[in-house]
Amino acid sequence: MSKILVIAEKPSVGRDIARVLGCREKGEGYLGGGDYLVSWAVGHLAALCDPEDYNPEWKKWRMDALPIMPEKMQLRAVPGGKSQLAVLRRLLKSPEVASLICATDSGREGELIFRYIYQLCGCRKPFQRLWVSSMTDQAIREGFASLRPGADYDRLFASARCRSEADWLVGINASRAYTLKYNTLLSVGRVQTPTLAIIVNRAREIAAFVPEEYYEVKADFALPAEPEGASGYWGIWQNQEGQSRITGEAAAEKAKALAARVKGRPARVLQVSREEKSQPPPLLYDLTELQRDCNRRYGFSAQKTLDIAQSLYERRKLLTYPRTDSRYLSEDLAPRLLGRVRQLAELPQFGAVAQELLPGPLPLGKRIIDNSKITDHHAIIPTEGRLRLDNLMDEELKVFQLVALRFLAVFYPPCRYAVTRVLTEVAAEKDGLPRAEIFASRGQEVLALGWQRPYQMLAAEKAAASKKTAGGKEAENQNLPSLREGEAVQTLVAKAARKKTQPPKPYTEAGLLSAMENAGRFVEDEALREQLKESGLGTPATRAAIIERLLKVGYIRRQAKALLPTEKGERLMDVAPPELKSPETTGKWERGLAAIADGRMTEEVFMASIRRYVQFLVQDCRTSNRYVKFPEEPRRGTGGKRQFKRAQPKTAAKKS
């Protein structure tokens with residue numbers, strides 16, 4: 001009897017699939033039962049060969065051997081996974097196995113993991129693709145009921161293979177070239193180097209920043225009918241152009257003199273304007289937005305958030321597939337969303353908020369349901385079925401709560417608030433105050449919480465909300481009394497305050513993720529900047545790993561929540577050419593990879609551009625006169641540093 005071999009990405013996922021399929025017979029590295037055998041990878045089991053696998057001479061790090069560009073890239077077994085790869089090879093070649101099902105993660109990297117194993121093992125058997133967005137039993141059963149031909153994902157694999165080969169070619173050649181040139185172990189990458197440039201440029205902006213001193217005058221006003229200080233408001237002086245800063249020579253004296261002149265003077269309300277505004281609910285989470293929010297609220301690193309979300313997807317079965325770049329849901333989910341709200345309503349953490357949305361129907365507009373804005377997966381939301389939170393660790397609960405609250409919030413109405421602006425005119429004197437002075441006040445009042453109500457369910461959210469206005473800006477800390485134009489008021493006190501302009505803030509992981517996602521804003525060319533809105537540095541699934549890589553190789557360091565460059569990172573930016581540092585180059589490639597997946601570009605065109613770029617990088621490094629001294633590093637016991645030392649040309653050390 002022929003069998004169907006199912007290959008999952010991890011053992012835990014393989015066991016879940018096996019349970020749903022009724023595979024209970026244990027074998028070596030697999031489970032069997034009925035028509036199926038279920039086995040698994042352990043992440044990547046196959047990878048691109050090392051340079052020495054193509055040519056033993058390429059093992060030595062020599063500048064004259066670069067660029068290393070094999071005519072056809074080949075695969076090898078990953079050392080730590082050889083035993084499981086042997087299991088899969090045996091199963092793939094077994095005459096008992098007639099066909100396969102690819103059940104690795106439903107994304108570009110998951111496709112690469114399966115296809116590399118398939119190719120390395122020399123398999124030619126037909127296969128189908130399991131494509132699911134959650135790991136609940138119901139989702140797995142539905143996925144097996146709607147398997148798709150493996151060929152439907154050939155373009156996705158082509159994109160993944162190009163990404164893998166491009167990173168190999170740039171990483172191997174540029175890292176060796178710069179290591180040899182500057183006599184220190186340097187890691188250079190297609191995505192990591194432009195990301196490092198963003199961090200270094202911000203640090204240099206901060207270092208070059210020269211604070212400018214200025215003064216503001218703040219006055220307190222009271223209504224004559226009220227006791228002093230009982231019901232008043234305050235305002236900031238502004239000139240006829242609406243500017244509040246007093247600068248230039250003798251700014252302190254001018255500000256103090258102004259404060260003294262208006263103190264105790266009668267005034268009147270010159271203008272009152274009130275504008276009602278509404279703020280729609282935020283969009284659902286994609287991975288990058290979830291990572292940003294967890295970093296801002298809880299200080300989680302991007303990698304930590306990804307690990308927790310992946311656990312909530314794979315192990316806990318509470319969240320849908322997390323490595324998504326979409327913040328929308330597909331039309332086929334619409335009829336099932338109310339059921340997910342009902343499941344949340346049964347939990348004490350969300351019961352009160354979810355109950356307000358029942359019995360339905362839910363408002364499903366284009367900000368929630370939009371097939372045109374979904375690529376591989378929809379936004380991250382809670383899964384269907386019973387949700388058990390009692391065994392969650394504290395950090396897992398925090399991440400799940402954020403996703404659940406966002407899921408509920410999108411169905412609430414907009415938050416409505418009113419912004420009141422008041423201009424107060426302090427009367428002029430005949431001999432001391434040549435003209436009336438204007439003071440501006442601003443107050444904000446929440447009219448209806450709308451979507452912000454769910455966030456009041458958490459104590460931490462309440463504390464954060466108390467410091468924010470409905471529009472998300474820092475509160476002005478004043479509740480304006482009811483005022484009428486022409487109403488008389490009294491200036492109680494006025495004070496001059498010395499202030500300084502502030503430098504830009506160092507990047508946090510939340511800020512860096514935004515910069516990577518919106519890398520087009522760093523590009524000067526307007527047309528290209530518009531094109532890069534659809535791409536950035538890396539993908540939601542890889543950005544956390546890029547940040548961790550920069551930390552690991554010593555180019556950046558963490559200081560509290562801030563990410564700061566090290567001296568080594570700064571020196572690399574001094575010698576790297578603009579093309580290597582620019583997000584423009586990598587942004588174009590990410591757009592190209594997406595075009596390959598969509599069938600709008602061929603692999604040959606993309607890889608030809610990569611090979612030309614590699615040749616440029618090596619030649620530029622070889623001939624450049626950009627010399628700096630890198631900081632000394634501890635000698636490594638084994639690996640690249642020692643190997644590179646043996647092959648180091650004598651002239652390179654002298655030049656550096």
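With sequence neighbours excluded, the residues satisfying salt bridge (charged side-chain N to carboxylate O under 4.0 Å, His left out) with K317 are D16. Applying the side-chain contact (heavy atoms from CB on, under 4.5 Å) test to P335 and every residue at least two apart in sequence or in another chain returns nothing. Under the rule for a side-chain contact (heavy atoms from CB on, under 4.5 Å), the partners of T288 that lie at least two apart in sequence or sit in another chain are D286, Q291, R292, L513, E517, P540, R543. Every side-chain contact (heavy atoms from CB on, under 4.5 Å) that S326 has, sequence neighbours left out, goes to T324, Y328, I374. Not counting sequence neighbours, the partners of R558 by the salt bridge (charged side-chain N to carboxylate O under 4.0 Å, His left out) test are E509, E548. Applying the side-chain contact (heavy atoms from CB on, under 4.5 Å) criterion to A354, with sequence neighbours excluded, gives V341, L344, A345, L408. In this structure R342 satisfies the salt bridge (charged side-chain N to carboxylate O under 4.0 Å, His left out) test with no other residue, sequence neighbours excluded. The ring pair (Phe, Tyr, Trp, His ring centres under 6.0 Å) test applied to H377 returns W131, Y321, not counting sequence neighbours.
In plain terms, the two heavy atoms of L480 and G443 that are nearest each other are CD1-N, 3.4 Å. When all heavy atoms of F400 and L387 are compared, the closest pair comes out as CZ-CD1, 4.1 Å. Across L402 and Y285, no two heavy atoms sit closer than the pair O-CE1, 3.3 Å. Among all heavy-atom pairs drawn from Y507 and L512, the shortest one is CD2-N, 3.7 Å. The minimum heavy-atom distance linking A139 with S134 is given by the pair CB-OG, 3.1 Å. When all heavy atoms are compared, the tightest approach of C415 to W451 is N-CD1, 3.5 Å.
At least one side-chain heavy atom of P504 sits less than 4.5 Å from a side-chain heavy atom of I206. Here the side chains of R261 and V426 are not in contact, with every heavy-atom distance at 4.5 Å or above. Looking at R453 and E356, their side chains come closer than 4.5 Å, going by heavy atoms from C-beta outward. Within the 4.5 Å cutoff, the side chain of Y412 has no heavy atoms near those of the L449 side chain. Contact check for D325 versus T539: no side-chain heavy atoms found under the 4.5 Å cut-off. Annotation: side chain of S441 is not in contact with side chain of W234 (no heavy-atom distance under 4.5 Å). Here the side chains of I546 and M516 are in contact, with some heavy-atom distance below 4.5 Å.
Defined by atom type and a distance below 3.5 Å, a donor-acceptor pair is missing between the side-chain atoms of Q271 and R421. If you check the side chains of E205 and N201, you find no donor sitting under 3.5 Å from an acceptor. At a cut-off of 3.5 Å, with distance as the only test, no side-chain donor of S582 or T585 sits close to an acceptor on the other residue.
Note on residues 378-387: pairs passing salt bridge (Lys or Arg N to Asp or Glu O under 4.0 Å), not counting sequence neighbours, are R336-E384, R340-E384. Counting only residues at least two apart or on different chains, the salt bridge (Lys or Arg N to Asp or Glu O under 4.0 Å) pairs with a member in residues 393-410 are D293-R406, K304-E395, R316-E396, D394-K398. Applying the side-chain hydrogen bond (donor to acceptor under 3.5 Å, both in side chains) test to pairs two or more places apart or on separate chains, none has a residue in residues 480-495.
With hydrogens and angles disregarded, no donor-acceptor distance shorter than 3.5 Å links the side chain of T193 to the backbone of K581. No side-chain donor-acceptor contact under 3.5 Å links T247 to the backbone of Y214. Using a distance-only test at 3.5 Å, with no hydrogens or angles considered, a donor-acceptor pair links the side chain of S106 to the main chain of V132. Of the possible polar contacts, none joining the D105 side chain to the G107 backbone as a donor-acceptor pair under 3.5 Å is found. Of the possible donor and acceptor atoms, none in the side chain of R108 sits under 3.5 Å from a partner among the backbone N and O of S159.
A distance of 9.5 Å separates CD1 of I369 from NE2 of H378, quoted to the nearest 0.5 Å. Residue L306 holds its CG atom at 9.5 Å from CG of L290, rounded to the nearest 0.5 Å. Taking CG from D307 and OG from S301, the interatomic distance works out to 7.5 Å, rounded to the nearest 0.5 Å. Separating the CG atom in L537 from the OG1 atom in T195 is a distance of 4.5 Å, to the nearest 0.5 Å. Remark: R297 CZ to T305 OG1 distance equals 12.0 Å, nearest 0.5 Å. The CZ atom of R327 sits 10.0 Å away from atom CD1 of I380, with the distance rounded to the nearest 0.5 Å.
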From CA spacing to verdict: side chain to side chain contact (heavy atoms under 4.5 Å, CB included), V399, Y298: CA-CA 10 Å; V399 174; Y298 307 126; 5.9 Å; no
If you apply the rule side chain to side chain contact (heavy atoms under 4.5 Å, CB included), what do you find for V489 with Y233, and how did you get there? CA-CA 10 Å; V489 296; Y233 64 100; 3.9 Å; yes
What do the steps show when you test R296 against E289 for salt bridge (Lys or Arg N to Asp or Glu O under 4.0 Å), and what is the final call? CA-CA 11 Å; R296 284 191 294 254; E289 178 65 12; 3.7 Å; yes
Checking L447 against E276 for the side chain to side chain contact (heavy atoms under 4.5 Å, CB included) test, could you report, in this order, the C-alpha distance in whole Å, the side-chain angles of both residues, the deciding distance, and whether it holds? CA-CA 9 Å; L447 304 176; E276 291 192 10; 3.6 Å; yes
For a side chain to side chain contact (heavy atoms under 4.5 Å, CB included) check, start with the C-alpha distance between L312 and L392, then their side-chain angles and the critical distance, and finish with the verdict. CA-CA 9 Å; L312 290 169; L392 294 186; 4.0 Å; yes
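The pair E109-R323 fails the salt-bridge criterion, with no side-chain N (NZ, NE, NH1 or NH2) lying under 4.0 Å from an Asp/Glu carboxylate O.
Here the rule is salt bridge (charged side-chain N to carboxylate O under 4.0 Å, His left out) with E213, and of K500, R245, R498 only R498 fits it.
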Only pairs under 3.5 Å count here: list side-chain donor-acceptor contacts from residues 215-223, not counting sequence neighbours, and write none if there are none.
| residue | atom | partner | partner atom | Å |
| --- | --- | --- | --- | --- |
| E216 | OE1 | K499 | NZ | 3.1 |
| E216 | OE2 | S244 | OG | 3.4 |

